[in-house]
2 protein chains.
Amino acid sequence: MTIKEVAEKFDMTNDTLRYYEKIGLIGPVKKNSSGIRDYSKNDLKRIEFIKCMRSAGISIEVLKKYVDLYDKGESTKDIRQQLLEKEKEKLEEKIKTMTEALDKLKYKIELYKTDKLDKYL
Amino acid sequence: MTIKEVAEKFDMTNDTLRYYEKIGLIGPVKKNSSGIRDYSKNDLKRIEFIKCMRSAGISIEVLKKYVDLYDKGESTKDIRQQLLEKEKEKLEEKIKTMTEALDKLKYKIELYKTDKLDKYL
DNA sequence: TATTGACATAGACCACACTTTAAGTGCTAT
DNA sequence: ATAGCACTTAAAGTGTGGTCTATGTCAATA
């Protein structure tokens, strides 16, 4: 699969894919005889995971740490699991914060709808 | 209320408060005879709102637009409401995305716990 | 009175995550 | 065969949102 196809599949740019590879988040991707990238199924799996986690706001730094641990093999299993659990908690916290903000936003919109706005923002 | 007290109350830095004021997101805050800021109740209400929306990831640009509209008065009521509704939708979408990522993360953690990891990340 | 410490300003600097640019290579279609 | 396009690289540039530095003022305390 070419870089273009992968970029389209996951709705990201070629630039971002090359950038992720450069910083070691994915790949190194195999290249054909004229130097063109050919993404493997395994590459795609990684990209899918990375993309999903990035869209949830998990930092590149953390993801890099995770894939580096993964590439070190079996012995890092426990620490990888701990890393994921920590991120899970952070994510849950973030969702909670955002849900609270959403509730306030909804309340404010209600005030607009019922013309009950007070003198604050 | 002094900048220090406000910063503590909302868990942010003095720098950020001054920065928000500089870009017109809050204030201008009244100053006493020796140039020290004295935040009013109204200032606090704005800061609370801004802080809450920022923690949900709403951009400074959007918030600036909202407060500018607010300061233009009654006539901008409808457009402000629309702005909030648009942000509400964006926020709902973001929460959805993050919840999906959270589910995948939980699933992956389950795989770790039950030792059923396959050969991908 | 001298020093300390919180506050002030303008402007420089930073981290993060891309994104763009410059310069070049190689397949494809006219 | 030559134009055009997609690909390649390394490195510089960008946008967002703060954060830090240098320099200075002021009020209160030793």
Side-chain angles (χ1 to χ4, degrees), chain A residues 1-40 43 46-47 49-68 87 90-91 94 97-98 101, chain B residues 1-40 43 46-47 49-68 87 90-91 94 97-98 101:
Chain A
M1 217 174 182
T2 69
I3 195 168
K4 195 179 190 220
E5 287 164 344
V6 176
E8 264 158 28
K9 184 175 167 69
F10 294 109
D11 189 32
M12 52 206 296
T13 68
N14 303 13
D15 290 319
T16 302
L17 281 166
R18 278 189 289 254
Y19 168 66
Y20 281 1
E21 186 176 346
K22 187 173 139 196
I23 63 176
L25 205 49
I26 56 176
V29 177
K30 237 179 64 183
K31 296 181 192 166
N32 71 16
S33 55
S34 45
I36 307 292
R37 284 173 180 78
D38 181 18
Y39 291 81
S40 72
D43 291 328
R46 284 204 179 200
I47 292 165
F49 178 69
I50 300 286
K51 182 79 204 305
C52 178
M53 294 305 119
R54 282 296 299 129
S55 70
I58 292 175
S59 76
I60 282 183
E61 189 186 3
V62 165
L63 293 173
K64 174 77 168 112
K65 206 163 161 184
Y66 181 74
V67 306
D68 285 353
E87 291 309 309
K90 278 161 66 178
L91 190 47
K94 251 197 287 186
T97 302
M98 291 175 71
Chain B
M1 217 173 182
T2 68
I3 196 167
K4 194 179 190 219
E5 287 163 344
V6 177
E8 265 159 27
K9 185 175 165 69
F10 294 110
D11 189 31
M12 53 206 296
T13 68
N14 302 15
D15 286 320
T16 302
L17 281 166
R18 279 189 289 254
Y19 167 67
Y20 282 1
E21 187 176 346
K22 187 172 138 196
I23 62 175
L25 206 49
I26 55 176
V29 177
K30 237 177 67 184
K31 296 180 191 166
N32 71 16
S33 54
S34 44
I36 307 293
R37 284 175 179 76
D38 181 18
Y39 290 82
S40 71
D43 292 329
R46 285 204 179 201
I47 293 164
F49 179 69
I50 300 287
K51 182 78 205 303
C52 178
M53 294 304 118
R54 282 296 299 129
S55 70
I58 293 176
S59 76
I60 282 185
E61 188 185 5
V62 164
L63 293 172
K64 175 79 167 107
K65 204 163 162 184
Y66 181 73
V67 307
D68 285 353
E87 291 309 308
K90 278 161 65 177
L91 190 47
K94 250 197 289 185
T97 302
M98 291 175 71

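Chain A is the first sequence line, chain B the second, and so forth, proteins listed ahead of strands; every chain is numbered from 1.
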Exercise for the section: Specify the separation, in whole Å, of atom CG of B/L17 and atom P of D/dT19. Expected result: 11 Å
Problem - Rounded interatomic separation in angstrom, taking CG from B/D15 and P from C/dA12 - result: 16 Å
Handout entry: Donor-acceptor pair, side chain of B/D68 and main chain of B/K65, under 3.5 angstrom
Key = no
Practice task
Starting at the 5' end of nucleotides 3-18 of chain D, put B wherever the base has a protein heavy atom under 4.0 Å, S where only the sugar-phosphate does, and a dash everywhere else.
Solution key: ----SBB-B-----BB
Practice task
Would you please test B/E61 and B/K64 for salt bridge (charged side-chain N to carboxylate O under 4.0 Å, His left out) and show each step?
Solution key: CA-CA 5 Å; B/E61 188 185 5; B/K64 175 79 167 107; over 6 Å; no
Exercise for the section: Mind running ring pair (Phe, Tyr, Trp, His ring centres under 6.0 Å) on B/Y39 and B/F10 for me, showing each step along the way? Expected result: CA-CA 13 Å; B/Y39 290 82; B/F10 294 110; 9.3 Å; no
Practice task
Could you please spell out the steps behind the salt bridge (charged side-chain N to carboxylate O under 4.0 Å, His left out) verdict for B/R18 and B/D15?
Solution key: CA-CA 5 Å; B/R18 279 189 289 254; B/D15 286 320; 3.8 Å; yes
Handout entry: Reported OH-to-CE distance for the pair B/Y20 and B/M12, which is rounded to 0.5 angstrom
Key = 5.0 Å
